[in-house]
Amino acid sequence: MAMDFCLPDIGEGVVEGEVVRWLVAEGDSVREDQPTVEIMTDKATVEITSPVDGRVLSLPWNEGDVVPVDDVLIVFEVEGNGAPTQVASEAPEKSSPSIPSTPTPTPTPTASSGGKVLATPATRHLARQLGVDLSQVPATGKRGRITREDVESFRSGGAIGRPTGRTPGVEVEERVPLKGLRRAIADAMVKSVYTAPHFTYVDEIDMSAMVRLRQSVKPMAAE
């Protein structure tokens with residue numbers, strides 16, 4: 001049977017976490033307490049462990065995606081006839097309390113009859129930044145989902161989308177996704193602009209006499 005495992009509350013005041021790195025893949029067999037993913041919050045980067053013995057059925061999020069607390073993080077396949085009433089998970093640092101997660105039916109993302117594009121919010125945001133039309137991007141993800149790699153590959157291929165303005169033989173800039181530690185640093189720097197006091201002092205000085213003196217001594221300095 002399928003069992004949804006939601007992102008637990010891994011710290012006081014934490015409402016979301018960024019997927020830094022997956023430690024398992026779809027189809028992998030896992031054991032209880034085995035590390036499955038690295039999640040970064042505004043407080044720390046932690047490893048989330050598996051609450052059960054089973055097999056990874058689905059990983060709905062890509063690396064770099066921001067997952068809200070209590071949203072489905074991993075879908076496991078476990079043995080049994082009935083769904084467990086709760087799934088305990090605890091953060092690796094300190095001894096945080098277990099967070100129950102009520103299993104729900106396995107989500108099955110499929111394209112609608114109108115041809116709706118399947119992509120995560122992070123992938124759509126990247127496509128807007130790069131000027132890529134998602135309806136033109138070939139999907140390689142599960143069940144026809146467009147991944148970040150699809151968008152980046154489509155963009156680098158120079159297909160339909162905003163003109164790249166590339167010139168043969170000229171090196172172009174490289175766009176590095178703002179995620180992980182880079183995103184945490186950027187958020188802290190932006191926050192400091194709005195929270196730290198700023199002070200500017202301006203004074204005016206008449207430097208006419210200094211300029212005349214400088215002009216008068218320049219011929220002597222040249223000799």
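- For the atom pair CG (Asp133) and CG (Leu130), the distance works out to 13.0 Å, reported to the nearest 0.5 Å.
- The side chain to side chain contact (heavy atoms under 4.5 Å, CB included) search around Asp71 returns Trp61, Val67, Pro68, not counting sequence neighbours.
- For the side chain to side chain contact (heavy atoms under 4.5 Å, CB included) with Val132, the lone residue among Ile146, Asp150, Val137, Thr123 that qualifies is Val137.
- The shortest non-hydrogen separation linking Ala196 to His198 is O-ND1, 2.8 Å.
- Counting only distance, with no hydrogens or angles, the side chain of Glu79 and the backbone of Gly54 share no donor-acceptor pair below 3.5 Å.
- Using a distance-only test at 3.5 Å, with no hydrogens or angles considered, no donor-acceptor pair links the side chain of Ser153 to the main chain of Glu149.
- Contacts classified as salt bridge (charged side-chain N to carboxylate O under 4.0 Å, His left out) and involving residues 185-211 (residues at least two apart or in different chains) are given here: Arg183-Asp187.
- Side-chain contact check for Ile39 versus Val19: some heavy-atom pair is nearer than 4.5 Å.
- Taken to the nearest 0.5 Å, the CZ atom of Arg124 stands 15.0 Å off from the CD atom of Gln129.
- The nearest pair of heavy atoms linking Asn62 to Arg148 is ND2-N, 4.4 Å.
- Across all non-hydrogen atoms, the minimal contact from Arg31 to Ser50 is O-CB, 3.6 Å.
- Residues Ser58 and Pro60 come closest through the heavy atom pair O-CD, 3.6 Å.
- No side-chain heavy atom of Asp28 sits less than 4.5 Å from a side-chain heavy atom of Arg55.
- Across every non-hydrogen atom of Val75 and Ala2, the tightest pair is CG1-CB, 4.3 Å.
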Practice problem: Check step by step if side chain to side chain contact (heavy atoms under 4.5 Å, CB included) holds for Glu32 and Val52. | Solution: CA-CA 4 Å; Glu32 187 175 356; Val52 294; 5.8 Å; no
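- Residues Val66 and Val37 do not share a hydrophobic cluster, defined by chaining ILVMFWY side chains whose heavy atoms lie under 4.5 Å apart.
- Between Val30 and Val56, some side-chain heavy-atom pair lies under the 4.5 Å cut-off.
- What you find for Trp22 and Leu73 is that their closest heavy atoms are CH2-O, 3.6 Å.
- At a threshold of 4.5 Å between non-hydrogen side-chain atoms, the residues Met207 and Met210 count as touching.
- Taking Arg21 as the reference, Leu23, Glu38, Glu63 meet the side chain to side chain contact (heavy atoms under 4.5 Å, CB included) condition, with sequence neighbours excluded.
- Although no hydrogens or angles enter the test, the distance criterion places a donor-acceptor pair under 3.5 Å between the side chain of Thr36 and the main chain of Ile48.
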